[in-house]
Amino acid sequence: MRFHRLQNVQIALDYLKRRQVKLVNIRNDDITDGNPKLTLGLIWTIILHFQISDIHVTGESEDMSAKERLLLWTQQATEGYAGIRCENFTTCWRDGKLFNAIIHKYRPDLIDMNTVAVQSNLANLEHAFYVAEKIGVIRLLDPEDVDVSSPDEKSVITYVSSLYDAFPKVPEGGEGIGANDVEVKWIEYQNMVNYLIQWIRHHVTTMSERTFPNNPVELKALYNQYLQFKETEIPPKETEKSKIKRLYKLLEIWIEFGRIKLLQGYHPNDIEKEWGKLIIAMLEREKALRPEVERLEMLQQIASRVQRDSVICEDKLILARNALQSDSKRLESGVQFQNEAEIAGYILECENLLRQHVIDVQILIDGKYYQADQLVQRVAKLRDEIMALRNECSSVYSKGRMLTTEQTKLMISGITQSLNSGFAQTLNPSLNSGLTQSLTPSLTPSSVTSGLSSGLTSRLTPSLTPAYTPGFPGLVPNFSSEVEANSLQTLKLMQIRKPLLKSSLLDQNLTEEEINMKFVQDLLNWVDEMQVQLDRTEWGSDLPSVESHLENHKNVHRAIEEFEPSLKEAKISEIQMTAPLKLTYTEKLHRLESQYAKLLNTSRNQERHLDTLHNFVTRATNELIWLNEKEEEEVAYDWSERNTNIARKKDYHAELMRELEQKEENIKSVQEIAEQLLLENHPARLTIEAYRAAMQTQWSWILQLCQCVEQHIKENTAYFEFFNDAKEATDYLRNLKDAIQRKYSCDRSSSIHKLEDLVQESMEEKEELLQYKSTVASLMGRAKTIIQLKPRNPDCVLKTSIPIKAICDYRQIEITIYKEDECVLANNSHRAKWKVISPTGNEAMVPSVCFTVPPPNKEAVDFANRIEQQYQNVLTLWHETHINMKSVVSWHYLINEIDRIRASNVASIKTMLPGEHQQVLSNLQSRFEDFLEDSQESQIFSGSDITQLEKEVNVCKQYYQELLKSAEREEQEESVYNLYISEVRNIRLRLESCEDRLIRQIRTPLERDDLHESVFRITEQEKLKKELERLKDDLGTITNKCEEFFSQAAISPSVPTLRSELSVIIQNMNQVYSMSSTYIDKLKTVNLVLKNTQAAEALVKFYETKLCEEEAVIADKNNIENLISTLKQWRSEVDEKREVFHALEDELQKAKAISDEMFKTYKERDLDFDWHKEKADQLVERWQNVHVQIDNRLRDLEGIGKSLKCYRDTSHALDDWIQQVEITQRKIQENQPENSKTLATQLNQQKMLVSEIEMKQCKMDECQKHAEQYSAIVKDYELQTMTYRAMVDSQQKSPVKRRRMQSSADLIIQEFMDLRTRYTALVTLMTQYVKFAGDSLKRLEEEEVIINYAQLSKKKYVVVWEDKKGFMINLHSR
């Protein structure tokens, strides 16, 4: 209804008013009633507001309208294209070059400007609209709408705005890439990606290597190299990767637009994948390197310990040898020995060290330490020396023996027990097991070095001849392997001698009382010796020695507690003593009891003191270790200019301060423990006070270090901030200079519009440059306060000593330095410690963290001066470029006036008013005067250039006068030209109409599988061809007329235009006529292809239908043979009918040749050919499937026949056998046995039958295998048939629902299961019958025995009765 239409229009008008769209005199009834003028005006207003008003262009001004901004964008887009300039939205667009230039600006791959330059207007317009449509611009115009004398301005503006919307744009005020810079940025992106990918892959290969050196120094260097790579090379590459991502974001809009084709492997995600591989390889390498470094460091420590202890052992052997020589001289002089116990102690200590050496060298060999062989030789040499010294001791001391034989035996057995127990515990099982093999004294060092591969057993384990140690029958060799050499020198092991057992004295020629007295005396001596040792014991000065003393005392205390049974035995022996010796024995026993109680109390007190001391020293040592670690970290930290990561150090320092606050409580707690122990008068007072003082000193020192670190953080932060700011300033000024040179450098080829914008921008640039002067001044001031960091770099060798300033107190014996003291740095070759000269002249190595190198920093000052000079250079450069740009702008205006006059022709002169001619000449003179004023200081224009321009101005004035004269002459020739040009354009319109119909026919695909459509299309095309022939005759007539006009008016300016129009239409005529002929040939070929395709499809469907007919496989040999013969017949028929497809292929080849010719010559793709080719390929594939299906079914049916035959043979034999057995069984069961013998005979027959049944199990399994094989093959055959049938149904779209048929595979399986059931039932029946017959036979035999026994008893009773009766008769007769 009208009311609804009015309401709808009013809703639209109200919305436009809310959007600030101006509507002048437009009402809803005007639009509803169809007022064309107002309706078109409203549509244009909507287009102008919603599509064109949002245009923004670089260089636009605020007062520009939407139309002017769009015109400016067009001028910028087509800048640099020769002969193309946009001044309006009407006549400039007629030839189509502007459209093509705009598209070429953004997609140069789609437009060939050389072809555009020689094509006709319509061809250019058609090509531009076609390409624009491909990139998403709707075809709002036709070439005929634009190729007119005055195209519609609004239509052109609307279409150009659509182009603007479709093309990528640089965001206003943001980052972006202009159309001119796309290729450069793309090449830069590719180079960055290629370089980074190559770098990543190279280092992935490097990180994948797992061959590490065995040398700890080389491995540590390799690990440090990895850490340096991780810290110094990875961050810059991450920055580079981020740059690639940012550049890709800028290029992404051009990639989506199609200007750039993104190659495989160049996406940032691909880089991330490669980067992930590198990170994983780095983590895996670090995971492999770190344990290897720790392992080699541990091995190196073990090797160092072996070398250090070997030196100690060699020193002790030298002392023992010297003492032995002294005793040897005493022996020769007849004097008593003095050094025998000392030598035994030396030998024992050396053997303890040797045992630890064996363990350590075994670890080194297992760890494949690179110096393991050398250490093995050294330890073997020590072993030989100990053996030699022991032999010498035995030979020397055996000559003047002062001890009894019993004491010597006890001593030797104690040492042997000690060595065996200690040495065997330190060796690994493999070494211990081979101990007996090493007892040969003929082992030489050469055999030791040659047998490294066979283990340590034969190399390091000496022949353990007991060392002679008088007075100490038993020794406890339990040393901790962690005790260092210096601790071992001060630690005196508590030597434990076990008391003699009473049983060991029984073999002597002594009385019982003498044995008891000797036994109690030995116990008393043992208690006294242990008391002396406890009184002389030491407490240790460090944690290893304290632990060793504690462990040793536990052994001593254990020995003291184990002494109590000996005391009880001595008390029992008191009863055996008689009067003369009992009193003495009782006194010694009482003394022994009191001394033992004292010894036990002393041992317990000493153990308690050692426990408290060990607890204190352990806690104090842990705190000192932690403080030392923190001290080492702070002292070793690199404060030079190489370490730029101050932020991480700030975080670490803050965390350290928090840890110190927490550690303060722990330190106080340990100090309180020390105070408590001192108050309790702990025996190890010196050790406790030393640890307390060390903790206090270390705590004070670490607090001072923290103050130093805070100052260093502050100064280094200022240092790096200055140089970062200075570098940014340098980069800014350098970039500004480059930008001025690049942006404001100009020459005569620079665009005037661009230069005008640049002149304005240069003034704004100057304001920013003047404001930046304060930043430069700030850097100059900051440079004077920057400290020096390069002297902290040991690679920076000092040529002379430099002054430094202490930032904390430092006191040592050789030097004392106070805070704020000015010292001299003499040597910085070590990063952590410097060689420093104090104000008093003392020289020492002091931690570098205690000092700062004060200003001035010459590098910083020079850097600031360079920035100041750079700033002045930039300012000078700006002034020069500004003058040059102004002169070029004036020159451009002058040249534009000159070019405008030179470009003037008679046609333009005719359109001008009479008064405008003089205005042109006055404008030329005014522009020339402005140029002379602006080019006075310009470096672009010389005096000769100005003179030459003056000559050109005069020549232009003369040329313009001549044009005025020529204008009158050309008006006469225009009338003839207009007549002929109208006829030519009329023919062109008719030709274009025919061409449009032809193109429409070509681009309209034929109906699929429709022969009538194909014949109809051929008829229509032949009519079009006849029409073209008539048009060709008309063109020949007008061509003759035009040639006559060309000969009469050869110099007329309208002749080239007419000649060009005529040549273009002749060319188009030939092209369209040739295209029409080719298209007719194509239609005829397609017709033949369609016929052959339909014939081939009918043939394929025929055989597919046959193959899909429902016919199940019957378990019958004849049925299978019939199926095979049918399939063979089909295969022969299929082979004979291949010619149908050969004919189809030949026709397709012909159609392809025509299609390729059309695309190559006329750029028209044949859509029909692609469909027919695809259809033919599908038919060929289906035909091959038919052939393959027949072959597969033949092969499967042959297998089915063989499996069926095997199954039938076995199943029939088994069925006959089962029937026979069942008959036999029934016969046996019908004959009832009369006695046990008969039943036994039947039982044996049944057992034989059971054995025969069991033997038939393999036949039954064979039958099952054939049944399952047949079932599997049949099911595969049926599945293949169903699959093919489903495929055919989907291709033919057959709606027939097929019924499911029962498979013969299931029937065969069921048949076999019935057979197996009969067999199983037979087995069960026979088994039960045999069991029943056995039981029956047993009962029958028992019954027969009972019957026989009864008969025998009856006969015996008769005989006895007869005898008794005869006796009675005889008795009666007497």
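All values derive from a computational prediction rather than experimental measurement. Note that the numbering runs from 1 along the sequence shown for the chain.
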Visitor: One pair to check against side chain to side chain contact (heavy atoms under 4.5 Å, CB included): Phe99 and Val160. What are the steps and the verdict?
Guide: CA-CA 8 Å; Phe99 291 110; Val160 174; 4.2 Å; yes
Visitor: Any carboxylate oxygen within less than 4.0 angstrom of a Lys/Arg side-chain nitrogen, looking at Arg748 and Asp945?
Guide: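 Answer for the salt bridge query: yes.
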Visitor: Drop me the distance from Leu70's CG to Gln75's CD, to the nearest 0.5 angstrom.
Guide: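 Separation between the atoms: 10.0 Å.
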Visitor: Are more than 12 heavy atoms, taken from residues, nucleotides or ligands other than Lys1041, located less than 6.0 Å from that residue's NZ atom?
Guide: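 Not more than 12 within 6.0 Å, no.
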Visitor: Looking at CG of Asp145 and CG of Asp152, how far apart are the two atoms once the value is rounded to the nearest 0.5 Å?
Guide: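 Nearest 0.5 Å value for the CG-CG distance: 9.0 Å.
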Visitor: Which value, rounded to the nearest 0.5 Å, describes the distance between Asn986 atom CG and Asp1034 atom CG?
Guide: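 One finds 9.5 Å between CG of Asn986 and CG of Asp1034.
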Visitor: Which atom names give the shortest non-hydrogen contact between Leu1028 and Met1069, and what distance separates them?
Guide: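 Heavy-atom minimum between the residues: O-SD, 4.2 Å.
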Visitor: Can a cation-pi geometry be assigned to Lys1032 and Tyr1073, taking NZ or CZ under 6.0 Å from the six-membered ring centre and within 45° of the ring axis?
Guide: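 Cation-pi check for Lys1032 and Tyr1073: passes.
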Visitor: Walk me through it: do Asn100 and Leu125 pass the test side chain to side chain contact (heavy atoms under 4.5 Å, CB included)?
Guide: CA-CA 8 Å; Asn100 284 280; Leu125 291 167; over 6 Å; no
Visitor: Would Glu153 and Lys67 pass as an ion pair if we require N to O under 4.0 Å?
Guide: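 Yes, this pair counts.
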Visitor: Output the distance between atom CZ (Arg997) and atom OG (Ser1076), rounded to the nearest 0.5 Å.
Guide: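 One gets 10.0 Å once the value is rounded to the nearest 0.5 Å.
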Visitor: Locate the shortest heavy-atom distance separating Thr74 from Thr78; write the atom from each residue and the value.
Guide: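 Between these two residues, the closest heavy atoms are O-OG1, 2.8 Å.
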Visitor: Give a yes or no answer on whether the side chain of Trp93 reaches the backbone of Asn88 with a donor-acceptor pair at less than 3.5 Å.
Guide: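 Yes, Trp93 side chain to Asn88 backbone: donor-acceptor pair under 3.5 Å.
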Visitor: Could you walk me through whether Arg85 and Cys92 pass the side chain to side chain contact (heavy atoms under 4.5 Å, CB included) test, one step at a time?
Guide: CA-CA 7 Å; Arg85 178 162 180 78; Cys92 294; over 6 Å; no
Visitor: Do Asp930 side-chain atoms and Ser890 backbone N/O form a donor-acceptor pair below 3.5 Å?
Guide: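 Not confirmed, Asp930 side chain does not pair with Ser890 backbone.
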Visitor: Taking it one step at a time, do Met113 and Ile84 satisfy side chain to side chain contact (heavy atoms under 4.5 Å, CB included)?
Guide: CA-CA 11 Å; Met113 292 306 294; Ile84 299 176; 3.9 Å; yes
Visitor: Counting only heavy atoms not in Glu1029 (residues, nucleotides, ligands), do more than 12 fall under 6.0 Å from its CD?
Guide: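 Result for CD/Glu1029: enclosed.
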Visitor: When rounded to the nearest 0.5 angstrom, what is the spacing between OG in Ser750 and CD in Glu79?
Guide: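 Here the interatomic distance stands at 9.0 Å.
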Visitor: If I compare all heavy atoms of Thr91 with all of Pro151, which pair ends up nearest, and what's the gap?
Guide: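 Taking Thr91 first and Pro151 second, the nearest heavy atoms are N-CD, 4.1 Å.
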Visitor: Measure up the Phe167 and Tyr106 rings against each other and bin them: parallel (under 30°), tilted (30 to 60°), perpendicular (over 60°).
Guide: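 Parallel, since the angle between the ring planes stays under 30°.
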Visitor: Is Glu68 atom CD crowded by more than 12 heavy atoms from other residues, nucleotides or ligands, each under 6.0 Å away?
Guide: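 Yes.
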Visitor: Do the ring planes of Tyr81 and His104 sit parallel (below 30°), tilted (30 to 60°) or perpendicular (above 60°)?
Guide: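 The rings of Tyr81 and His104 stand perpendicular, inter-plane angle above 60°.
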Visitor: Is it true that Lys261 and Asp109 make a salt bridge, defined as a side-chain N closer than 4.0 Å to a carboxylate O?
Guide: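 Answer for the salt bridge query: no.
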Visitor: Can you name the nearest heavy-atom pair linking Ser935 to Ser887, along with the distance?
Guide: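 For Ser935 versus Ser887, the nearest heavy atoms are CA-CB, 4.0 Å.
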Visitor: I'd like to know if the side chain of Ser1060 reaches the main chain of Pro1056, judged simply by a donor and an acceptor atom lying under 3.5 Å from each other, with no hydrogens or angles considered.
Guide: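 Checking the backbone N and O of Pro1056 against the side chain of Ser1060, no donor-acceptor pair under 3.5 Å is found.
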Visitor: Please round to the nearest 0.5 Å and tell me the distance separating atom CG of Leu140 and atom CD of Glu133.
Guide: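 With rounding to 0.5 Å, CG (Leu140) is 10.0 Å from CD (Glu133).
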Visitor: Ion pair present between Glu144 and Arg988, side-chain N to carboxylate O less than 4.0 angstrom?
Guide: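 Salt bridge flag = no for Arg988 with Glu144.
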Visitor: For Leu979, I'd like to know if atom CG has over 12 heavy atoms of other residues, nucleotides or ligands within 6.0 Å.
Guide: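 More than 12 within 6.0 Å, yes.
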